[in-house]
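Data first, discussion second: the structure below is written as structure tokens.
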Amino acid sequence: MSKKYTITTPIYYVNSVPHIGTALTTLAADVTARYQKMRGREVFFLTGTDENGLKVKEAAEKAGKDPMAFVDEISSKFKEIWPGMFIEFDDFIRTTEPRHRIAVQEFFRILQEKGHIYTGTYEGWYDVSSETFYKESDLVDGKSPDGNEVRWVKEDNYFFRMSSFAEPLMAHIDANPNFILPETRKNEVVSFIKQGLRDVCISRANPGWGIPVPGDDSQVVYVWFDALINYIAATGWPKPGWEDYWPAEVQWMGKDILTRFHATLWPAMLLGVGLPLPETLVGHAWLLMGGEKISKSKGNVVAPLELAAELSERSTCALDVAIDAVRFYMAATLPVDNDSVFTYEEFDRKYNTDLANDLGNALNRSLAMSHKFVGGSVPGGSVEEEAVQAIAKAKADFETAMVTFRIDHATDAAWSVVRFLNKYIDTRAPWALAKNNDPALPGVIRSMLLCLRTAEGLVRSIMPKTADAIAAQLGSSPLTDWSQIGTEGSLIEGTALSQPKPIFPRLELTKKEEPKKMEQPKPQPTATPIPAQKEEAVATEITIDDFAKVKLKVGRVLEAEPVEGSDKLMKLQVVIGEERRQIVAGIRKSYSAEDLISRQVIVCVNLKPAKLRGVESQGMLLAATDADGGAILLQPDKEAPEGTGVK
RNA sequence: GGCGGCGUAGCUCAGUUGGUUAGAGCGAACGGUUCAUACCCGUUAGGUCACCUGUUCAAAUCAGGUCGCCGCUACCA
């Protein structure tokens, strides 16, 4: 068997339902897959779900469900939603499957055997008051950077020696310019690696859910470590035959999970085991939803399908075509370097101008002329030189764009042939040729039809149903072989053409009253974020007496203002009973000053005061950490007098 | 704070290794055409290429600095 062209998306976390970010990534992968198939490659397109996190178990319990039943349910939602967007994956892996568990354990075992995992103890300087680990080089005069006492500690866990892979990784990145795309992201990765990679904790106490560490059931493999291995697990590894599927030619993902995971941890893991690295990692930017606030509970992947349904209704186009229109929009604007903002106005406008006016109308008028002037079948004659060149250029530009996975540019290249066609028709004016019985007429009509046939082929990976519809109107069978695109052979003389029928009925755009307020909710991360290392390490039990040392009280925020020179810190004046304190908290990412003022909070009042950015902080607010690393402040269930003790 | 990126016509953006009148798409205005889904084609936009100072015969394109925005990273009691 020959090596397949392997394309992956991240596996999506089943803690929530599919959203816009996952749709964008998966669409990009699908376009890549369809393109490669047309080029004659055997493609292996992999996606799946990530189901082993502790959060999953907790979410299941909260929903009153058995974890397995819970993940079955959500995983199937993902599995079912993609075909609805004409996304054709070849394999769907779930991390709860035996094939994945076997691969993870074997992967772990090999790393252990090769000495890349050290077990049982983490030794290092530890700042007890901040519960943070420090490297020798972090210390200042034998104290933590904050001036606290540090002690040498040991923690029980498994650690991956990622630090030893910084150099080989840098060498690989230097030697393979296309390893990380786009360039901006690659620069980020390089600077991240240059400042030194730390060993990572790759296990945690077994909560009864997850993949046990081989030979040690008290621990499960840490979710991220586990999740990344799906890519190789799906190839059948460690069983023979995996070489036909690995390495992946391209691994698509959102930019949030590129630097820390796919471009460092993942390749380091592969190097450790001795497996080849993927050829290219692409981290795209976000398509932010503007214009309308997104309901978090709904989940945003519904948006593309709802958008399609709504478009279909408003424009009376076929639902299939509407879904293609959504695919087109996403492909044409697929953000790479910078995020872009989606608005309904822009979507409608693009539908009308690019799809209805340019492509749809070009097909429509060309067919109408074919019926009127040359009897409704594909004429012979030779395709004119300027058309030949425009076709060749569009095709070549598409190919060039796809080398670096610039789907937006590829889409533009496909459109260039349509734009050419409209100009060409205008210049050659077939109606005038017909009037004068000009012998050039058949050749001109044929040139026009070949442009359309080319457009059909170029557009096919992006809009498969639309391509079929174009082929049908051209009376031809779908053009699925890339090498045939633009050739005389793709357009058989004498083929009967259908009567023209608009594929994209125009939308009647009413003037919008006034632009709605732009809301740009933070995109949800594509998959599990890695928890801070200190969370991992502090599994140590404490006694009730230990806990009693911590004095917690209810307080109320009186004033709040950002700390200058910091992007996360907020300076707060908090009233706690009789006293009033200044507290500095790193919560600006999640809360504005207005959010905070007059809010009740829980404060640790006997924490040693410290200076943050030169501002004195006399305590600490209690907060949970959300998936993005933002803060979720704890608040009494109902109003309690300021100063009330908490235990 | 460190590193990186960005700041070009009303909007979205292209602008290779510095070199004639700075480009495309959309919107707008005007004109043309009639095959077509009132579509398409053309012309027009006189933009301090964020700002300042340099290097050079010549800079949007290089160097230094300033301002603004963003990303990564650090800090986040």
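Chain letters run A, B, ... following the sequence lines, proteins first, then strands; residues in each count from 1.
Each of A:Val189 and A:Glu346 was assigned the nucleotide of RNA chain B with the nearest heavy atom; the assignment lying further toward the 5' end belongs to A:Glu346.
The distance from atom CD of A:Glu345 to atom P of B:C11 is 17 Å, rounded to the nearest whole Å. Spacing between atom CZ of A:Arg349 and atom C1' of B:C11 amounts to 9 Å, rounded to whole angstrom units. Distance A:Lys255 NZ to B:U73 P: 12 Å, rounded to the nearest Å. A:Phe420 has its CZ atom 19 Å from the C1' atom of B:G25, to the nearest Å. One interatomic measurement links the two molecules: CG of A:Asp408 to C1' of B:A24, which rounds to 14 Å at whole-angstrom precision. Atom CG of A:Asp348 and atom P of B:C26 are 17 Å apart (whole Å). When the C1' atom of B:U12 is taken as reference, atom NE2 of A:His409 falls 12 Å away, rounded to whole Å. One atom, CZ of A:Phe261, and another, P of B:C72, lie 13 Å apart when rounded to the nearest Å.
The shortest side-chain heavy-atom distance between A:Cys317 and A:Tyr351 falls under the 4.5 Å cut-off. Two residues are said to be in side-chain contact when any heavy atoms from C-beta on lie closer than 4.5 Å; A:Asp354 and A:Tyr329 fail this criterion. When side chains are defined from C-beta on, A:Phe328 does not count as touching A:Val459, because their heavy atoms never get closer than 4.5 Å. In this structure, A:Leu367 and A:Leu363 have side chains that are in contact, with non-hydrogen atoms separated by less than 4.5 Å. Put simply, the side chain of A:Met448 reaches to within 4.5 Å of the side chain of A:Leu421, judged on heavy atoms.
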Under 4.0 Å protein heavy-atom contact, by nucleotide of nucleotides 30-39 of chain B - B base, S sugar-phosphate only: ---SSBBB-S

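Going from the C1' atom of B:U20 to that of B:U53 covers 27 Å, rounded to whole Å. Straight-line distance between the P atoms of B:U16 and B:U8: roughly 16 Å, to the nearest whole Å. If you take atom C1' in B:G54 and the same atom in B:A28, they sit 41 Å apart, rounded to whole Å. Spacing between B:U66 and B:G4 at atom P, rounded to whole Å, works out to 15 Å. Straight-line distance between the P atoms of B:C11 and B:A50: roughly 14 Å, to the nearest whole Å. Using P as the reference atom, B:G25 and B:A59 are 29 Å apart when rounded to the nearest Å. Across the C1' atoms, B:G19 and B:U56 are found 11 Å apart, a figure rounded to whole Å. If you take atom C1' in B:A29 and the same atom in B:C70, they sit 36 Å apart, rounded to whole Å.
Figure legend. B:U56 is base-paired to no nucleotide; pairs are counted as Watson-Crick or G-U wobble with both atom distances under 3.5 Å. Look at B:A77: it lacks any Watson-Crick or wobble partner with both distances under 3.5 angstrom. Pair assignment for B:U12: B:A24, on the basis of Watson-Crick or G-U wobble contacts that are both within less than 3.5 Å. Using N1 to N3 plus N6-O4 or O6-N4 for Watson-Crick, or N1-O2 and O6-N3 for G-U wobble, each under 3.5 Å, B:G71 pairs with B:C3. Nucleotide B:G42 forms a Watson-Crick or G-U wobble pair with B:C30, both donor-acceptor distances falling under 3.5 Å.
Look at A:Lys423 and you'll find a side-chain N or O under 4.0 angstrom from OP1 or OP2 of B:G42. Contact annotation: A:Arg185 does not reach the phosphate of B:G4 (side-chain N/O to OP1 or OP2, under 4.0 Å).
Here the shortest heavy-atom pairing between A:Thr264 and A:Arg260 reads OG1-O, 2.6 Å.
Taking the centre of each ring, A:Trp415 and A:Phe420 stay at or above the 6.0 Å mark.
Here A:His262 contributes atom NE2 and A:Leu228 contributes atom CG; the two are 5.0 Å apart, rounded to the nearest 0.5 Å.
You'll find that the side chain of A:Thr353 is closest to B:C26, out of B:G71, B:C26, B:U73.
Side-chain atoms of A:Asp324 and A:Thr466 form a donor-acceptor pair, as typed in the model, at a separation below 3.5 Å.
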